[in-house]
Amino acid sequence: MPDRNPATPVGGSPPENYERYFVPAIGAPLVHDLLGIAALKPWEHVVDVGCGTGVVTRLAAEVVGPKGLVVGVDVEPGMIAVARSVTPPDTRIEWRVANAETLPFDDKSFDVAL
């Protein structure tokens, strides 16, 4: 077997591979537990900090529905690009590239932070 650099993407960029391999195997199984603990309500405003490709963000948007708001934030533009690309068009999510240490929101903008 030839030597392969593990940092070299296999069939996609690192964010694409994250969505393709990590999310189904590790991320998705934990989402329902996390959202159960968060006990989101249909009207709440939610921020998902470090959202990656948005697996938690998308399901949170389903829970809060059209009366709520969900914002996905990640420092990596590639993660946000993949998140946008895999989000159904009728899902109400605002995607932002930002550092968790300097979020571009006013205090008390959200009911829940994930």
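Just so it is clear, the model here is predicted, and its values are computed rather than measured.
- Counting only heavy atoms from C-beta outward, the side chains of Arg92 and Val70 never approach each other to under 4.5 Å.
- Other residues, nucleotides and ligands contribute over 12 non-hydrogen atoms within 6.0 Å of the CG atom of Asp90.
- Taking all atoms of both residues into account, the shortest heavy-atom contact from Ala98 to Pro104 is CB-CD, 3.7 Å.
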After noting the C-alpha distance and the side-chain angles of Phe105 and Arg96, does the key distance pass the side-chain contact (heavy atoms from CB on, under 4.5 Å) rule?
CA-CA 11 Å; Phe105 309 111; Arg96 296 275 191 99; 3.4 Å; yes

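- Connection of Val82 to Val31 is not established within any shared hydrophobic cluster, with ILVMFWY side chains joined at heavy-atom distances below 4.5 Å, either directly or through further cluster members.
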Check the pair Leu114, Val47 against side-chain contact (heavy atoms from CB on, under 4.5 Å), reporting the backbone distance first and the verdict last.
CA-CA 6 Å; Leu114 303 170; Val47 62; over 6 Å; no

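- One hydrophobic cluster holds both Val55 and Leu40 under the rule that ILVMFWY side chains link at heavy-atom gaps under 4.5 Å.
- A donor-acceptor distance shorter than 3.5 angstrom exists from the side chain of Asp111 to the backbone of His45, with no hydrogens or angles considered.
- One finds the CZ atom of Arg84 at 14.0 Å from the OG1 atom of Thr91 (value rounded to the nearest 0.5 Å).
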Apply side-chain contact (heavy atoms from CB on, under 4.5 Å) to the pair Val73 and Trp95, showing each step before the final yes or no.
CA-CA 6 Å; Val73 178; Trp95 299 107; over 6 Å; no

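- Closest heavy-atom contact between Asn99 and Glu101: OD1-N, 2.7 Å.
- Val64 places none of its side-chain heavy atoms less than 4.5 Å from the side chain of Trp43.
- Using a distance-only test at 3.5 Å, with no hydrogens or angles considered, no donor-acceptor pair links the side chain of Lys67 to the main chain of Gly65.
- Among the candidates Glu16, Glu19, Glu76, the single residue satisfying the side-chain hydrogen bond (donor to acceptor under 3.5 Å, both in side chains) test with Thr53 is Glu19.
- Side-chain contact between Val97 and Val75: absent, with no pair of heavy atoms (C-beta onward) separated by less than 4.5 Å.
- Shortest non-hydrogen contact noted between Ala100 and Val49 is CB-CG1, 3.5 Å.
- Note on Leu69 and Leu103: same hydrophobic cluster, where clusters join Ile, Leu, Val, Met, Phe, Trp and Tyr whose side-chain heavy atoms are under 4.5 Å apart, directly or indirectly.
- The closest side-chain heavy-atom distance from Ser109 to Asp106 is below 4.5 Å.
- Closest heavy-atom contact between Thr57 and Val71: CG2-C, 4.4 Å.
- Considering all non-hydrogen atoms of both residues, Ala83 and Gly54 come closest at CB-N, 4.2 Å.
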Determine whether Arg58 and Val86 satisfy the following criterion, side-chain contact (heavy atoms from CB on, under 4.5 Å), listing intermediate values before the conclusion.
CA-CA 9 Å; Arg58 289 188 296 276; Val86 298; 3.2 Å; yes

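- Results of the side-chain contact (heavy atoms from CB on, under 4.5 Å) test with Val56 over Leu30, Leu35, Val46 single out Leu35 as the only residue that passes.
- Nearest heavy atom pair, residue Cys51 against residue Ile80, reads SG-CD1, 3.7 Å.
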